[in-house]
Amino acid sequence: MPDVTEEPKGARATGGPVGEDARVDESFRRVGSRAEVPEGELRSFDLPGLRVAIAHVENELYAFGDECTHEGCSLAEGTLGEQEDTVVCPCHGSEFDLATGEPVEGPAVDPVPVFAVRVTDEWIEVRPPSERGW
């Protein structure tokens, strides 16, 4: 397992190593250990003013807002879609693309926010969109 991984693009992380510069980016916040999110599972983590859901699918991590945009239910309490590229809200069945946050099935019409995610020394770290900050 490499020491440091960073998202190739969007909101997912894979196992590819990146340079030492990734360690100095302090805009990322640690949410939990990689072991806390087993393959094929969803978990939620609290950050200051934000609850983040992490999905672990085929050795990739996806980070997104844990609140469904329809009625605020926890997406981490939902399930992965049939193709495991979406998350399905447990309350009313809204389905969101893991990489983009866009709804692919209603009743939700607004996307959930997605976050850059990386693994550093087996710790999952996320970064909000630059305009939001922490």
Side-chain angles (χ1 to χ4, degrees):
M1 213 30 98
D3 261 357
V4 179
T5 61
E6 190 164 354
E7 74 282 358
K9 59 183 179 176
R12 60 185 183 172
T14 61
V18 296
E20 290 295 315
D21 291 341
R23 292 176 191 254
V24 298
D25 186 345
E26 295 183 13
S27 64
F28 279 85
R29 295 291 181 259
R30 182 178 289 178
V31 295
S33 75
R34 187 177 181 120
E36 290 179 80
V37 189
E39 176 68 37
E41 298 287 328
L42 298 158
R43 296 288 185 272
S44 65
F45 299 91
D46 287 315
L47 290 170
L50 180 67
R51 191 156 179 91
V52 175
I54 304 288
H56 187 179
V57 180
E58 295 181 11
N59 291 320
E60 292 187 47
L61 296 175
Y62 297 86
F64 48 93
D66 187 35
E67 189 173 297
C68 178
T69 57
H70 176 240
E71 288 200 9
C73 295
S74 170
L75 294 174
E77 293 179 12
T79 58
L80 292 171
E82 280 187 36
Q83 302 299 313
E84 293 191 335
D85 59 352
T86 60
V87 60
V88 180
C89 179
C91 293
H92 301 104
S94 293
E95 193 167 349
F96 300 90
D97 184 281
L98 290 173
T100 67
E102 292 293 325
V104 294
E105 188 74 35
V109 294
D110 296 318
V112 294
V114 294
F115 306 100
V117 61
R118 70 181 183 188
V119 175
T120 303
D121 296 327
E122 294 302 310
W123 291 100
I124 299 169
E125 299 176 337
V126 298
R127 180 179 62 201
S130 57
E131 69 274 4
R132 261 188 87 161
W134 293 110

Donor-acceptor pair, side chain of Thr69 and main chain of Asp110, under 3.5 angstrom: yes
Do [X] and [Y] make a side-chain contact, defined as non-hydrogen atoms from C-beta onward lying under 4.5 Å apart?
X      : Y      : answer
Val112 : Glu67  : no
Ser94  : Pro103 : no
Pro38  : Arg43  : yes
Thr100 : Val114 : no
Val117 : Val31  : no
Asp66  : Leu75  : yes

I need the minimum non-hydrogen distance between [X] and [Y], along with the two atoms involved.
X      : Y     : result
Val119 : Arg34 : CG2-NH1, 3.4 Å
Phe64  : Ala55 : CE2-CB, 4.0 Å
Arg127 : Ser27 : CD-OG, 2.8 Å
Gly101 : Phe96 : O-CD2, 3.4 Å

Reported [atom1]-to-[atom2] distance for the pair [X] and [Y], which is rounded to 0.5 angstrom:
X      : Y     : atom1 : atom2 : answer
Glu77  : Thr79 : CD    : OG1   : 12.0 Å
Glu60  : Leu98 : CD    : CG    : 10.0 Å
Glu71  : Cys89 : CD    : SG    : 9.0 Å
Trp123 : Arg29 : CH2   : CZ    : 15.5 Å
Gln83  : Asp97 : CD    : CG    : 12.0 Å

Residue pairs, two or more places apart or on separate chains, that pass ring pair (Phe, Tyr, Trp, His ring centres under 6.0 Å) and touch residues 35-56: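 Applying ring pair (Phe, Tyr, Trp, His ring centres under 6.0 Å) to every pair that reaches into residues 35-56, excluding sequence neighbours, yields nothing.
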Path from [X] to [Y] over hydrophobic side-chain contacts below 4.5 Å:
X     : Y      : answer
Leu42 : Val88  : no
Leu50 : Val126 : yes
Leu47 : Ile54  : yes

Gamma sulfurs of Cys73 and Cys91 within less than 2.5 Å: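 A disulfide is present here, as the SG pair of Cys73 and Cys91 is separated by less than 2.5 Å.
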More than 12 heavy atoms from other groups under 6.0 Å of CD on Glu82: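 Open: at most 12 neighbouring heavy atoms sit under 6.0 Å from CD of Glu82.
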